[in-house]
Structures are given as structure tokens and as C-alpha cells.
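Inspection log for the structure reproduced underneath, given as C-alpha cells.
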Amino acid sequence: MTDAILVLNAGSSSLKFAVYPNEAGAPSPFLRGKIVGIGSDPVLSARDETGRPLPQDDLIQLDPGASHDALISVLLDWLDGHQGGVSVTAAGHRVVHGGTGRTGPARVTDALLAELDDLVPLAPLHQPHNLAAIRSVAARVPGLAQVACFDTSFHRTQDRMAQMFALPRALTEAGIIRYGFHGLSYDYIASTLPQHLGDRAEGRVIAAHLGNGASMCAMRGRRSVATSMGLTALDGLMMGRRSGAIDPGVLLHLVEERGMTVDAVKHLLYEESGLLGVSGISNDVRVLEASDAPEAAEALDLFAYRAAWEVGALATSIAGLDAIVFTAGIGENSARVRGAICARLGWLGVTLDPAANERHATRISTAASRVDVLVVPTDEEGVIARATHALGVTGRR
Ligand code: AMP
């Protein structure tokens, strides 16, 4: 049996997992995979430590319509029997919301679960699935050490000013504030800055997490000073399907003049907008880059315009800019999007090296550029695995 830490990221229709050796600072998982299509036709896929997909024979058939709960049991059983057996000694979970109180990862207790239940109204699309996964594991393996790692924690270093909306005070006091998200990704990026930037790592850095969900974080001293997402993950940048920041008057107009229901507006903003809505073609940058349609090009241009705009705004919060770090699916892979963003940032001291950008080099700015521009693959699961090892090593099946 191999002692292991199981990292889980439970969404509405998917369950992503990664399995790490139970060692301090274990750098990479020996197994990584996902179950997609939960609720309809779930399918398990997994890759070994080299990134090679496991052959179909090593996987299992999942029952159509199986619940999240049942699938977590199936996953644990499968791990038990995988390659001589994987003994899960602790589980770490991505939990979207830790409220104002959670400034770092926390060992799961009944009291913590109750506290996190209270935050469901702040993240109704994600939090229930994250918490259900914790409860499923606890039911299946009573007493197993579990650790919750929050997407909001990294931003709790921000000044009050950066977290406030200009709303009546009572709403602020009731928790209607900017929480920010993608904190596990920013935590990882912050941890890598010294190796790339030396002393400048402690300076003024903007990390751009550009994936299907997209946000930016302005850091100083490798701590969050401001971020583009707010109360929800809808604010800030244009995203794959989400609108990002929008005049709140548009929402009033849609309801009052067009008679849209709240659910219809929600669907419009979360599912039908962003790259998909503007292009009318796809939310996927790969598809848009391959398309000749002018709408595809316009969607990519708007994405870059909005991102560059946000860099300008965030640079104000840290009084200048020493480095930009691109990460996540688009940030790591799209030279075109990075190029279009950086082309708008010459006034801030950004000079891109086009050849380095094309080959996705770690440093894509010229030697003369006042601002260092980096491409750093993110590793949210690694952050969770290390936190889980640090806080949860004692539990045993
Ligand atoms: P993430 O949410 O971080 O997994 O990012 C997913 C998104 O990254 C996809 O929807 C694509 O838009 C984008 N992406 C992934 N691979 C590439 C690629 N090779 N080139 C351009 N965009 C990519």
C-alpha cells in the first residue's frame, strides 16, 4: 500500500482529484484525474505521474445517474485497488469560500462545516458541492483527517478599502464585500516569485489567472493588495462564459424593460456572456484563434482590452508595476492573448519579446523591459496537498 494524500476539487458536474505521496513538500501527484458528466453519464479518466492517460482497463465504468456521494465512494474503492493499493491518509479539499474569518487552510471539524454552511448563500454554485464532498469522504472513512483550503483566504491581507463596495454601511457590515477568488492559484504563484524575480519578488506584481474563470491579483511583498473579483466570481475580467464587470444599470434594465427573471439574468451573466457571448462561437480561446470569423477576433480583442484595463486599475492599488505573471489555461497557452494584452501596456513599461512569447518561455519580456513578464503554470492541487500534509497527517484509515 502507498500512503497518499487525496486532493479533491468537487464541482457541480465534475470531480477532479489528484493523489500525492504522503510526504512533506511532495512536488507532484502520482495520479491525477477527473470524473465528468456527474448527474448524467459520468466518466472517469486519469493520468499517471508522467501525464500519460491510464489505459481503459485500469479504469472503471460508472453508473449513469450516480450521485456525487456514490461516486466518491467508487473513487475511494478504485484507489484502494489501484496498483497495489493507495491508502488515503488525509484528504484536502478546494473550498471556494472561507468568508472573512478564514485566512488560511483549516482542519475540518463539525464546527468548521457549520461555519462554511453559513457561507453557502455567498457561493451557491460551488460551496454546496465542496462541502458535500467533505461530508461524503467523512461518511465513507470516519475519522480521516480532512483539510479545507479556501479560494478567498489569500485576499484577506487586503486593506479594508480594497474590500469595500460603496454601499450603505449596514450591507458592508453584513458581509457584502469583495472577497476575491483564485486564491490557491495566487498562493502558488506568490511562492514561485523569488526563484524567477529575486528581490523584485517582494515588489509590485500583478498575477493574471486567465482560465475559463479569469481574475487578476495585485501583490506587494507577495501578499494580496487588490483583486478583480468581488463578492462573487462574476466581477472583473471578461471570462469564457461570464461577463465580468458590467454596469449594474444593465441588470436593472434587463429586469425592468425586458422583463427578464432573476434566473434568466443569472444564466445570461454566468453562462451566455464573455468570449462565448461576444463571439457567438465558443468560450474556448483555441477555437476562437482558429476561426476566421470577425466576431471571434473581436471577442479576443475585447478580452485583451478588458484585461489590460484591469492591469491599469490594479497597478494603481500597488502604485506601479515591476512584474506581470500569466497563468492558467489561457495565460499559459495563448501567445496571442498575452501579446494583445502586453501591447496595450507599453506605457507602464512592458516590452514583450515576441519570440519568447511564441515559445511560451518563462520570461517573455525583453531584457530592457522595465516590467518583467512571466509565464508560470499554476498548481492549485499542489498548494492543497502541501497544506493537507502540514495540517492533516495524523488521520489513518
Ligand atoms: P482553465 O480554466 O485554466 O483550465 O483554462 C481553460 C481555457 O484555457 C480553455 O477554455 C481555453 O480557452 C484555454 N486554453 C487551453 N489550452 C489552450 C491553448 N493551447 N491555446 C489557447 N488557449 C488554451
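None of these values were measured; they are calculated from a predicted model. Order of appearance sets the numbers: ligands from 1, and atoms from 1 within every ligand. Values below: every heavy atom of this structure, side chains too, minus hydrogens, waters and symmetry copies.
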### Query
To which of Ser334, Gly329, Ser282 does the heavy atom nearest atom 5 (O) of ligand 1 belong?
Gly329
### Query
Is there any ring-ring contact (aromatic ring centres under 6.0 Å, His included) pair reaching into residues 101-130, and which pairs are they, with sequence neighbours excluded?
His68-His129
### Query
At what distance is the nearest protein heavy atom to atom 9 (C) of ligand 1, and which residue and atom is it?
Arg286 NH2, 3.9 Å
### Query
How would you list all residue pairs meeting side chain to side chain donor-acceptor pair (under 3.5 Å) that involve residues 238-267, not counting sequence neighbours?
His267-Glu272
### Query
Who gets closest to atom 6 (C) of ligand 1 by heavy atom: Asn333, Leu210, Asn212?
Asn212
### Query
Roughly how far apart are Leu144 CG and Thr89 OG1, rounded to 0.5 Å?
7.5 Å
#### Entry: Residue Gly211 vicinity, atoms of ligand 1 by number, heavy atom under 4.0 Å
1 (P), 2 (O), 3 (O), 5 (O)
#### Entry: Nearest neighbour in protein (non-hydrogen) for atom 11 (C) of ligand 1
Asp284 OD1, 3.3 Å
### Message
Atom CZ of residue position Phe165 - does it have more than 12 heavy atoms of other residues, nucleotides or ligands inside 6.0 Å?
### Response
yes
### Closest approach of any protein heavy atom to atom 13 (C) of ligand 1, naming residue and atom
Ile330 CG1, 3.5 Å
### Query
Who gets closest to atom 12 (O) of ligand 1 by heavy atom: Val285, Leu275, Asn283?
Val285
### Query
Do Glu298 and Ser279 have side-chain N/O donor and acceptor atoms under 3.5 Å apart?
no
### Task
Please determine, by modelled atom types, if Ser136 and Asp69 share a side-chain donor-acceptor pair under 3.5 angstrom.
yes
